[in-house]
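Before any comments, here is the structure.
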Amino acid sequence: MDVPLIVDPIVKYGKEKFRIWYNGQVKEVDCPLKPYFYSDRKLGIETAVKATKVKGIALSDYMEKTFYKYEFQTRDDLKKAKGEHTFEDNVPFILRHRIDIPKVFRRYPHKNPIKFLFLDIEQFTKEGEMFPTYDDRITAISWCGNNRNIMCGYLKKDTMSDRKLLDKFLQWYEDYQPDVIVCYNKSYDIVTLLKRCQKNRIDTARFAKSNQKPYIGGKADIHIDGVVIYDAFESAQADQSLTGNVVNRGLKEVSNWFGFKEKRKPLTPQEMTKFIGTRKLVEYNKDDVRRLLTVFDVYWTNIEFNANDLSIPLSEAIYMNITDLGLIVEGDAFRERNIIADGANEDRFPEIFKRKKGKEEPNYQGAIVDIYRTGVFEPVFKADYSSMYPTIMASFNLSPDTTSLLHYAPLSDFKIEEEKDSFIYHIPDKALQKTMVIKVSKQPGFAAEIVQRFLDERAEYKKAWKQTGNKKFKALSDNRKVKANGGMYGIQGSAKHAFGFAPIAIAVTGIGRQCAQLLMDVLNELSSNSVIETDTDGVYYTAENVSEEQVIKRFQKRLEEKFPKKLKLSIDVDSYDKGYFYKAKNYVLKKGDKLIFHGGAMKASSKNDLSRNLIYDLAEAKFSEEDTKPIIRRYKRLEFPLEDFAMSKRMGMHWKQYKRPESTIVCRLAKDAEEFMGRKPEIGNQYHYIKALHDFKLLEVSTKQDIDRKYYEKQIDKIVKMFDIEPAAPSLKKWGI
DNA sequence: GCTATCAGGCTACCT
DNA sequence: ACAGGTAGCCTGATAGCG
């Protein structure tokens, strides 16, 4: 790698220092920069060690102004001093260095091969308990290093102490000295390992590359000196391409999705206890490490790539989010141009972000999402733009250095005016109830150029994925898509982001609506009333005698007529045998003998198997025009195993954040789970439950007698109704005719 | 005391 | 704290009924 393994900022003798780990050694250096922020006025801050006047270009209006730069001895001092008139005061310290001194971390490259340790543990569970505690012994540890030769240390059936097992493992560990520990759900595996060592009076500092004992703060806050912990579970949690395709984000489900061959059922706590000291537990344990390797291979490539590509320590690349990516990528451009963000997006555009609006009202108008016809259609096509928003950003040259908001006008039609050096866009916005008049200069804009780079990279990976079918390329392609979409477009509309630039986001969605409408117009012209459903950048339509070529040709022609410049916008057309369209974003497609379900009504992970199976059976019957009565009768008997009735909900927030915990199902379930199973309520926890006669009840403590039959009968009725729509005459008013 | 309706809270999904 | 957008389910308040 060209970057270090880890950079830890620390405060020593009242000064900020970096502890930098690379090539198995640590170096402590004074931070090249002091924590700082800007202001547009003189502030009386006593804790600042330095106050200087600097000239910079204000992001809000691109005019050169004088700013006051305040520097501090520590991050803490800065935090205490920041206020209403301070700018760029929330840029993480490490990223601040990376932006201001781009190659700062390249001075300490970890050139040795990264030593990985892949790891999974099994633990004893007391009889009658659902989960083990830190008092219970570890029964098996499976692990491997870079050679992927999986080893397993395990206890014999009647060995009550895991002391020797831990010691054996640690002997190997100390000899190997891993740089990165790879696990699935570190808050369990790593914490348990450390706690078991403590209970056995084994020195936990043996895990570290220094003599510092590891530190366990919060759930995600585990520090082992000199070692990076990579939790593949976090990558899976954040991967949106898994939504709807896996029932949960557990290792089994996720590794299966990525093509892990063997499909084993997870062991129950009873089985895990029964199999202690046997081949079965060892195989099970090793199997999980194999699964871990599968998932690791999917996500790791991007992490290491990001570290090198963005010149940030590996430890930062692992936790990087979209916001940070935006900071780095735009921060580079700002530094080169001496731009100072004079306030967060919402400070620079209060008329957009701080106007009076209802609680869940958006800041600006988004995409066109609508359904125009419902029921079964045959055949069905989907015409969609590839990467519409980023392509618009790139093609229309939308960038902070080219774009400015001229003024607001009363709501009017979309319009483009060309001037000698610029284009003027009139963008009506229903959320703002105004037309935004936005000027874009013809000089190349830096943000537009960066987006184009991400798009080009994405095209390459997408091609590789289509050619090989390898899901790894799909993940790389998705990564660039996320960078272009969220990293470049998304942050422009974000209220709190220091570098966001709202007029860009408004122009992008506004032009996007025009593009979607243009596509719909083309399709309806080629075959009247052919449009079924539209969502942002894709249109489902049905037409008998319209070829793909016709659509694309007509589209290109109309695109050239509509916009006064050459654009990279292009469309793809996919075909399906049949489709059943229920509501916006909710439909079933049939291709060959495959049924593809879309939307919460059709495939939510919260549904029970009973509903899922019924939906599948009814969709099949609908497409083949079979009689549904026998199906309905069969389901109404409700003769299914208890598990088929179980629904699921995830805790989306910290339990303290719930407005009315007593009347929120997931909170009540979490409370029960803590009481009956000793499971702590935590964000992301998934609870399986059934509707019992008087209340919702955790699956684990339910029996078949508890089932509220009326509730499930109603559930079935609703699903039956969902498939009851017959094609009706299209409603013309929706097209605004 | 029952039913219908509606708004608000929350989760899950789509682009 | 990347954005906006649609839909479903549950709950508690309220209105209407008799």
Side-chain angles (χ1 to χ4, degrees), chain A residues 90 238 240-245 247 321-327 329-330 344-346 352-353 358-371 382 384-390 393 429-431 481-502 504-506 508-510 512-513 515-516 533-540 582-587 597-607 611 647-653 657-669 684 686-687 689 691 695-696 711 714-715 718-719 722:
Chain A
N90 58 353
Q240 288 174 343
S241 77
L242 295 176
T243 351
N245 293 317
V247 260
N321 54 38
I322 287 298
T323 321
D324 293 344
L325 177 81
L327 280 175
V329 175
E330 291 226 358
N345 220 354
E346 61 179 3
I352 295 166
F353 294 104
K359 209 175 161 262
E360 296 292 291
E361 253 187 272
N363 292 317
Y364 57 92
Q365 192 183 347
I368 298 180
V369 181
D370 216 340
I371 187 160
K382 187 188 193 193
D384 64 352
Y385 287 90
S386 24
S387 299
M388 186 172 78
Y389 284 172
M393 217 176 135
D429 190 298
K430 268 194 221 147
K481 187 182 169 182
V482 167
K483 281 182 174 174
N485 236 326
M488 290 307 293
Y489 156 70
I491 64 157
Q492 309 301 342
S494 163
K496 305 275 183 207
H497 201 281
F499 298 165
F501 200 81
I504 296 178
I506 291 169
V508 167
T509 55
R513 290 192 292 278
C515 294
E533 196 245 24
T534 297
D535 188 349
T536 313
D537 59 358
V539 182
Y540 283 97
Y582 172 54
K583 287 193 175 169
K585 290 180 190 275
N586 286 275
Y587 48 87
F597 295 87
H598 279 254
M602 296 289 177
K603 70 161 185 185
S605 61
S606 51
K607 285 192 193 311
S611 301
M647 300 163 284
S648 128
K649 273 218 159 79
R650 273 163 55 91
M651 265 203 122
M653 310 180 265
Q657 288 172 294
Y658 285 88
K659 282 245 159 64
R660 285 191 319 227
E662 333 72 46
S663 56
T664 305
I665 294 179
V666 72
C667 292
R668 299 204 302 259
L669 294 171
Q686 198 178 19
Y687 298 97
Y689 67 99
K691 175 70 173 74
D695 198 4
F696 297 95
Y711 174 90
K714 265 194 195 161
Q715 209 172 59
K718 265 201 179 151
I719 293 166
M722 190 163 88

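Letters A, B, ... mirror the listed sequences (proteins, then strands); counts begin at 1.
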Less than 4.0 angstrom between a side-chain N/O of A:R668 and OP1 or OP2 of C:dT11, yes or no? yes
Between P of C:dA3 and CD1 of A:I322, the distance in whole Å: 11 Å
Side chain of A:A601: nearest nucleotide among C:dA1, C:dG5, C:dG8? C:dG8
Can the ring centres of A:Y582 and A:Y587 be said to be less than 6.0 Å apart? no
Is A:Y711 touching bases, backbone alone, or none of the nucleic acid, heavy atoms closer than 4.0 Å? sugar-phosphate
Give the nucleotide from the list C:dT11, C:dG4, B:dC14 with an atom nearest to the side chain of A:F696. C:dT11
Please lay out, stage by stage, how A:R513 and A:Q365 fare under the test side-chain contact (heavy atoms from CB on, under 4.5 Å). CA-CA 10 Å; A:R513 290 192 292 278; A:Q365 192 183 347; 3.4 Å; yes
Nucleotide nearest A:K659 (side chain, heavy atoms from C-beta), chosen from B:dT15, C:dA1, B:dG9: B:dG9
Across the strands shown, which category fits A:A505 at heavy-atom distances under 4.0 angstrom: base, sugar-phosphate, nothing? nothing
Distance, rounded to the nearest Å, where A:K603 contributes NZ and C:dT6 contributes C1': 15 Å
Interatomic distance, A:M647 CE vs C:dC10 C1' [rounded to whole Å]: 11 Å
So which nucleotide from C:dT6, C:dT11, B:dT11 ends up closest to the side chain of A:I665? C:dT11
Could you please name the option among C:dA7, C:dA1, C:dC9 that lies closest to any side-chain atom of A:K718? C:dC9
May I ask you to evaluate whether A:Y689 reaches the phosphate of C:dC9, defined as a side-chain N or O under 4.0 Å from OP1 or OP2? no
Distance, rounded to the nearest Å, where A:M653 contributes CE and C:dA1 contributes C1': 15 Å
The residue, A:K583 or A:R660, whose nearest nucleotide of DNA chain C is more 5′ is A:K583
So what does A:M388 hit on the nucleic acid, given a heavy-atom distance under 4.0 Å: a base, only sugar-phosphate, or nothing? nothing
With a non-hydrogen cut-off below 4.0 angstrom, is A:Q365 in contact with a base, only sugar-phosphate, or nothing? sugar-phosphate
Check the phosphate of C:dC2 against A:K483, side-chain N and O only, distance under 4.0 Å to OP1 or OP2. Yes or no? no
Between B:dT15 atom C1' and A:Y489 atom OH, what is the distance in whole Å? 10 Å
Would you call A:E662 and A:R668 a salt bridge, taking side-chain N to carboxylate O under 4.0 Å as the test? no
Paired to C:dC2 by Watson-Crick or G-U wobble criteria (both distances under 3.5 Å) is none
Would you classify A:Y385 as touching base, sugar-phosphate or nothing, given that sugar-phosphate means primed atoms plus P, OP1 and OP2, and contacts are heavy atoms under 4.0 Å? nothing
Between C:dT11, C:dG5, B:dT11, which one does the side chain of A:V666 approach most closely? B:dT11
Assert: residue with more 5' nearest nucleotide on DNA chain C, out of A:G490 and A:A431, is A:G490
Is there a side-chain contact between A:M651 and A:Y658, using heavy atoms and a 4.5 Å cut-off? yes
To the side chain of A:Y364, which of B:dG9, B:dC14, C:dA3 is closest? C:dA3
C:dA3 OP1/OP2 closer than 4.0 Å to side-chain N/O of A:N363: no
Quickly work out the A:R650 CZ to B:dC10 P distance and round it to whole Å. 16 Å
Any sub-3.5 Å donor-acceptor pair from A:T509's side-chain atoms to A:A505's backbone N or O? yes
Distance check: side-chain N/O of A:K649 vs OP1/OP2 of C:dC9, anything under 4.0 Å? no
Quick one: is A:T323 getting a side-chain N or O under 4.0 Å of the C:dC2 phosphate, OP1 or OP2? yes
Over 12 foreign heavy atoms within 6.0 Å of NZ, A:K481: no
Do A:K691 and A:F696 meet the cation-pi criteria used here (NZ or CZ under 6.0 Å from the six-membered ring centre, within 45° of the axis)? yes
For the pair made of CD in A:E533 and P in B:dT15, what is the distance, rounded to whole Å? 8 Å
Which of these nucleotides, B:dA12, B:dT11, C:dC2, is closest to any side-chain atom of A:Y658? B:dT11
Send over the distance from A:Y582 OH to B:dA12 C1', rounded to a whole Å. 15 Å
